[in-house]
> 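Before I ask anything, here is the structure I am working with.
Numbers here simply count residues along the sequence, with the first being 1.
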Amino acid sequence: MTSLIMTPVSLVSLHGSAKPALGPAPSEIGVIGFSMLGTVKQPLMWLPVLGAACVLLALHPPALLAGMANEIAQAAGGVALFTLGLMPFGQTFKLSREVLANVAVKNVLQPALLLAAGLALGLSGTLLQEIFLIGVLPSGMLVRALAHSNKAYESEALLTSMASMLFSSVSISAGIAIARGVL
């Protein structure tokens, strides 16, 4: 979902909102073309697709490359958390209604919608619990990375990530209680 739908849509939106440096404003088709081209150029777009294609085609990387990728994967979580901790440096903190709404949508509404969709599809047991619990996880670093690399929505994305992470101690605990007790 993230690699094939959410990231491309976010990148197209960010590129589509960019203002042309010179000249008249482009047509809607021009904006869409510019957005699609900018999106395809982003490694965040094509690297996950390339990886998925390799898996689907059962292509196995050489042992050296697989070993390097494994080392990077093992360090990625810690590096992401460390980076999240460094990002607030020099930022002004203002908890706005927009940030609170973002956190409410991510930490409360999303798990509720996932639960409702799972129930509507007739899911039950462990599968329903897992789908629901994925929804209670805090906002990830991807939003912050996209905002930072595109110089758009940076402060709000940072504050949303931080507030979502802080609130996740409540949402994850409540989610686990619901998954164990109700589902």
Side-chain angles (χ1 to χ4, degrees), residues 1-14 39 42-56 58 66 69-88 91 93 95-149 153-183:
M1 282 294 292
T2 300
S3 297
L4 297 177
I5 296 173
M6 293 168 45
T7 301
V9 168
S10 298
L11 288 170
V12 166
S13 297
L14 285 169
T39 299
Q42 296 285 330
L44 281 172
M45 174 59 201
W46 57 267
L47 284 175
V49 172
L50 181 63
C54 288
V55 169
L56 291 173
N70 189 40
E71 292 293 324
I72 292 170
Q74 288 178 359
V79 170
L81 291 174
F82 179 73
T83 303
L84 182 61
L86 289 178
M87 285 182 177
Q91 292 284 330
F93 293 100
L95 203 57
S96 66
R97 276 192 240 154
E98 184 176 8
V99 170
L100 292 173
N102 289 343
V103 173
V105 166
K106 174 60 187 100
N107 291 62
V108 179
L109 183 60
Q110 179 179 318
L113 290 173
L114 286 171
L115 179 59
L119 290 170
L121 292 170
L123 302 179
S124 63
T126 304
L127 183 58
L128 181 60
Q129 290 173 334
E130 289 173 355
I131 288 171
F132 172 67
L133 290 174
I134 285 171
V136 300
L137 295 176
S139 178
M141 288 291 296
L142 180 62
V143 173
R144 175 64 179 121
L146 285 172
H148 180 70
S149 67
Y153 204 67
E154 289 185 84
S155 180
E156 295 87 349
L158 171 64
L159 288 173
T160 295
S161 293
M162 292 178 62
S164 180
M165 186 72 68
L166 291 171
F167 185 70
S168 72
S169 61
V170 174
S171 65
I172 291 173
S173 299
I176 290 171
I178 291 168
R180 284 187 179 163
V182 178
L183 307 178

> Can you check side-chain contact (heavy atoms from CB on, under 4.5 Å) on Val136 and Asn107, steps first, answer last?
CA-CA 5 Å; Val136 300; Asn107 291 62; over 6 Å; no

> I need the Ile178 CD1 to Leu115 CG distance, nearest 0.5 Å.
8.0 Å

> Quick check: closest heavy atoms across Val103 and Thr160, and the distance to 0.1 Å?
CG2-O, 3.9 Å

> Do any N or O atoms from the side chain of Lys106 and from the backbone of Gly135 form a donor-acceptor pair under 3.5 angstrom?
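Answer holds: yes.
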
> Which residue in the set Leu127, Ile134, Leu133 passes side-chain contact (heavy atoms from CB on, under 4.5 Å) when paired with Ile131?
Leu127

> Keeping Ser164 on the side-chain end and Ser139 on the backbone end, is there a donor-acceptor pair under 3.5 Å?
yes

> Roughly how far apart are Leu114 CG and Glu130 CD, rounded to 0.5 Å?
13.0 Å

> Would you find a donor on one side and an acceptor on the other, under 3.5 Å apart, between the side chain of Gln110 and the backbone of Val105?
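No; judged by distance alone, with no hydrogens or angles, the pair does not exist.
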
> Can you measure from CG (Leu95) to CG (Leu100) and round to the nearest 0.5 angstrom?
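That separation rounds to 4.0 Å.
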
> So do Pro111 and Leu137 actually touch side chain to side chain, heavy atoms under 4.5 Å?
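The answer is no; the side chains never approach within 4.5 Å.
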
> Can you see which heavy atom on Glu98 is nearest to which on Glu156, and at what distance?
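Reported closest heavy-atom pair: OE1-CG, 4.1 Å.
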
> Using only atom types and a distance under 3.5 Å, with no angle test, would you say the side chain of Ser96 pairs donor to acceptor with the backbone of Val99?
yes

